[in-house]
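So the structure is just underneath, and the comments pick up after that.
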Amino acid sequence: MEEKKFDLNSIIGFVLIFGILIWIMYQNQPSDKEIAAEKAKKELVAKQEAQAKADKTKTAAAAPVATTVGDTVQLANLQKTLGGFAYSATLPSAKESFTTIENEKIKLKIANKGGYIVEATLKEFKRFSKDSKELVELIKDNNSNLNIQLQTTDNRTLNSKDLFFEPTYTKVGEDQILTMRLKAGANEFLEYKYVLKPNEYLVGFDVRSQGLNKVLNSSKPLNLQWDLKTYRNEKSVSYENRYAQVEYEYGDEKYSSLSSTGQGVKEDNPEKVSYVAFKQHFFASILSTNKPFETSKLQSDNLVKDEKIDTVFTKQFGANLPLAFSNGEVDYKMNFYFGPADYKTLKAYDKNFEKIIPLGWGIFGWINKWIFIPLFGFLSSTIGFSLGIAIIIFTIIIKLAMSPITYKSFLSQAKMKVLRPDITELGEKYKKDPMKKQQETMKLYNKAGVNPMAGCIPALIQLPFMYASFQFFPAAFELRQKGFLWADDLSSFDAVVKLPFNIPLYGDHISLFPILAAIAIFFYMKMTSGDQQMAAPQQEGMPDMAKMMKIMIYVSPLMMLIFFNSYGAGLSLYNFISNLITIGIMFVIKNYIVDSDKIHAQIQENKLKEPKKPSKFQQRLQDVMEQQEAAKAQNKKK
């Protein structure tokens, strides 16, 4: 067999071929620039494919958007469910989109779907505390609806909140105007027009229709339904809930309110309603109209069943308001107000909005309106001190103004105290004849020149001012989130101790100002009860006032502790200072002004004089006693 040998030429050929292949591969390798360009191209293609896929999904989710006016088949399908308003679903605006209008005070977000406000934010106020990062939002997260029920000529019932409006935003000077149109054709629509001016809480809200006389059934009014589920904005849910209610003006500027504090829905049906206010403690959402609603259906439901669990919302409010047709169309000029429930702010709009502030009825409201509000407003805005100092100065002024009445009351008590021995003597002398005792007592009063009612009348005069303060301070918006000493918010309780448990009627915290007020009341009553007992001798058949006063000395402070523990610290501060000042005034009057010896000498001198003509009250009381005595004698004869 022939031995196989390597051929040198073949080896050289293989090497050359291998080298050529390596050189070709190296020459054909792309540069760094070419590699980067290819990578960018691939990323762009991938991004375009992803966007196309997203657009396809979005289009599938909002099928009406893909429809055009010319698509007669799709339009016919929409008309089966939407009738004349199918046109609105074919427009580019028929999608989940929003328009925002805002000024320095409020921010409103309006949805294409429904055309109504889905967010209303107050830009100057915080929830819960001044350090909170949460702004007060009266409307958010579907807690409010505004809907008009549309009865069509082809017997359909549609809801405006489910239909798409077309937005148009314009500006006239500094005014922002947002027009939302629910269209049945190019020039046929239901329109909401929002007008927001600079630095205003009031928003113009006009509702009108155009060219819908053949689309809508105008034989019955359109029902406008406005609902609001109120968010809690204050520290105490129970305290805030107490002042949350529906307020409304109706008839010839009559005013009323509707509140649900227990279980079940409260309802009212006032006529000729000019505005409806969904009022929370310190904020309000108001719908007013220039043309009163002929009828209405207002509702309020309490959502706080358990204060430990129900801490997000306070009340559920509802208003059903009919929009009447005129010549086949509706046209209402209305306004929304989203802002603070502040008396001066509301009064500035000259729409009687300030009536929603609970100032009390009759003389109590008059005192708050013409005395407390102007005086406290002046002090809080001009003195420059904290509002706690303003409350103290306010209290001093009120108490000094009432000091003459306090003086007359104490002077009357001093005179009655001087006469007590004589009255006791008459009681013993006519012990078996109560009627005669009363007659002789009245003669003694007349002869001594003492009016037994003089001590009661001054006290009665002071009562309206005391009750007015109980209405004024909880409603004073100026106190909200304003601190003083240990209280970080004078409009809420000033808790100094948080309890690990809840005490019925008292709460789960200890407030300090109510404790101070209770101590002041205790010493005031301790100081005055002795004189009152001496001034009012025990009458036969009447309750023992001495025992009652002893009980009240302890009951009154206890009531202050229990009921004011969750009230605003401003009210407790006022009561504390008020009682301190009263104690001081009484001390000065008793020790430096009223001279008991001088009063005694004057009464003894009056006894020697010709008796004065009795007052009308004394004469009437004496006549009644004589008639009763005569009737008693007549019965004995029988």
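Excluded from the calculations below are hydrogen atoms, water molecules and symmetry mates; all remaining heavy atoms, backbone and side chain alike, are included. Just so you know, these numbers come straight off a predicted model, no measurement behind them.
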Hey, is the main chain of K229 close enough, under 3.5 Å, to the side chain of N143 for a donor-acceptor pair? yes
Using only atom types and a distance under 3.5 Å, with no angle test, would you say the side chain of Y239 pairs donor to acceptor with the backbone of G568? yes
Count the heavy atoms of every other residue, nucleotide or ligand shown that sit under 6.0 Å from CD1 of I397, and state whether that count exceeds 12. yes
Ring pair (Phe, Tyr, Trp, His ring centres under 6.0 Å) partners for F576, two or more places apart: none
Can you tell which of L258, T289, L321 makes a side-chain contact (heavy atoms from CB on, under 4.5 Å) with V276? L321
Could you go step by step and tell me if T582 and K399 meet the side-chain hydrogen bond (donor to acceptor under 3.5 Å, both in side chains) rule? CA-CA 7 Å; T582 302; K399 297 306 292 185; 3.1 Å; yes
Tell me if a side-chain donor or acceptor on S469 pairs with a main-chain N or O of M466 at a distance below 3.5 Å. yes
Tell me, with the steps shown, if K107 and E119 meet salt bridge (Lys or Arg N to Asp or Glu O under 4.0 Å). CA-CA 8 Å; K107 179 180 179 181; E119 288 184 12; 6.0 Å; no
Is K235 atom NZ crowded by more than 12 heavy atoms from other residues, nucleotides or ligands, each under 6.0 Å away? yes
Pair F522 + Y554: ring centers closer than 6.0 Å: yes
Identify, with sequence neighbours excluded, every residue that meets side-chain contact (heavy atoms from CB on, under 4.5 Å) alongside S238. S236, E307
Closest non-hydrogen contact found for S144 with L228 is CB-CD1, 3.7 Å
Once you measure the plane-to-plane angle for Y349 and F353, does it fall in the parallel (<30°), tilted (30-60°) or perpendicular (>60°) bin? tilted
Would you please classify the geometry between the F338 ring and the F336 ring as parallel, tilted or perpendicular, with 30° and 60° separating the classes? parallel
Within this structure, what is the CD-CG distance for the pair Q481 and D131, rounded to the nearest 0.5 Å? 8.5 Å
Qualifying side-chain hydrogen bond (donor to acceptor under 3.5 Å, both in side chains) pairs with a residue from residues 362-372, counting only residues at least two apart or across chains: none
Hey, does the side chain of N575 reach the backbone of L571 with a donor-acceptor pair shorter than 3.5 angstrom? yes
Run through R127, K126, K140 and flag the one making a salt bridge (charged side-chain N to carboxylate O under 4.0 Å, His left out) with E134. R127
Quick one: are the ring centres of F125 and F477 less than 6.0 Å apart? yes
Excluding sequence neighbours, so at least two apart, what forms ring pair (Phe, Tyr, Trp, His ring centres under 6.0 Å) with F317? F278
About how many Å separate OG of S578 and CD1 of I392, when rounded to the nearest 0.5 Å? 12.5 Å
I want to check something: taking the side chain as every heavy atom from C-beta on, are L561 and N565 in contact at a cut-off of under 4.5 Å? no
side-chain hydrogen bond (donor to acceptor under 3.5 Å, both in side chains), that's the test. Do D489 and S492 meet it? Break it down for me. CA-CA 6 Å; D489 187 350; S492 188; 5.1 Å; no
Among F378, F394, Y467, Y343, find the one that has a ring pair (Phe, Tyr, Trp, His ring centres under 6.0 Å) with F372. F394
Between S380 (side chain only) and L387 (backbone N and O only), is there a donor and an acceptor less than 3.5 Å apart? no
Between F470 and F564, is there a side-chain heavy-atom distance shorter than 4.5 Å? yes
Just verifying a value: how many Å separate Q316 CD and N302 CG, rounded to the nearest 0.5 Å? 11.5 Å
Exactly one of Y574, Y567, W486, F473 should register a ring pair (Phe, Tyr, Trp, His ring centres under 6.0 Å) with F513. Which one does? W486
With a 4.0 Å cut-off, would you call K351 and E249 a salt bridge? no
Set of salt bridge (Lys or Arg N to Asp or Glu O under 4.0 Å) partners for D310, sequence neighbours left out: none
Between K315 and A244, is there a donor-acceptor pair closer than 3.5 Å when you use the side chain of the first and the backbone of the second? yes
Other residues, nucleotides, ligands: >12 heavy atoms within 6.0 Å of D252 CG: no
Could you give all pairs that pass the side-chain hydrogen bond (donor to acceptor under 3.5 Å, both in side chains) test and reach residues 275-286, with sequence neighbours left out? none
Where the side chain of E240 meets the backbone of N233, is there a donor-acceptor pair that is under 3.5 Å apart? yes
Would a 4.5 Å heavy-atom cut-off, applied to side chains only, mark V118 and N142 as touching? no
Just checking Y231 against F313, ring centres under 6.0 Å apart? yes
State whether the number of non-hydrogen atoms from other residues, nucleotides or ligands found under 6.0 Å of K123 atom NZ is greater than 12. yes
So, Q225 versus D227: side-chain donor-acceptor pair below 3.5 Å or not? yes
Report the C-alpha distance between D508 and K498 in whole Å, list the side-chain angles of each, state the deciding distance to 0.1 Å, and finish with yes or no for salt bridge (Lys or Arg N to Asp or Glu O under 4.0 Å). CA-CA 6 Å; D508 59 357; K498 180 71 174 177; 2.9 Å; yes
Above 12 or not: heavy atoms from other molecules or residues under 6.0 Å from CG of D350? no
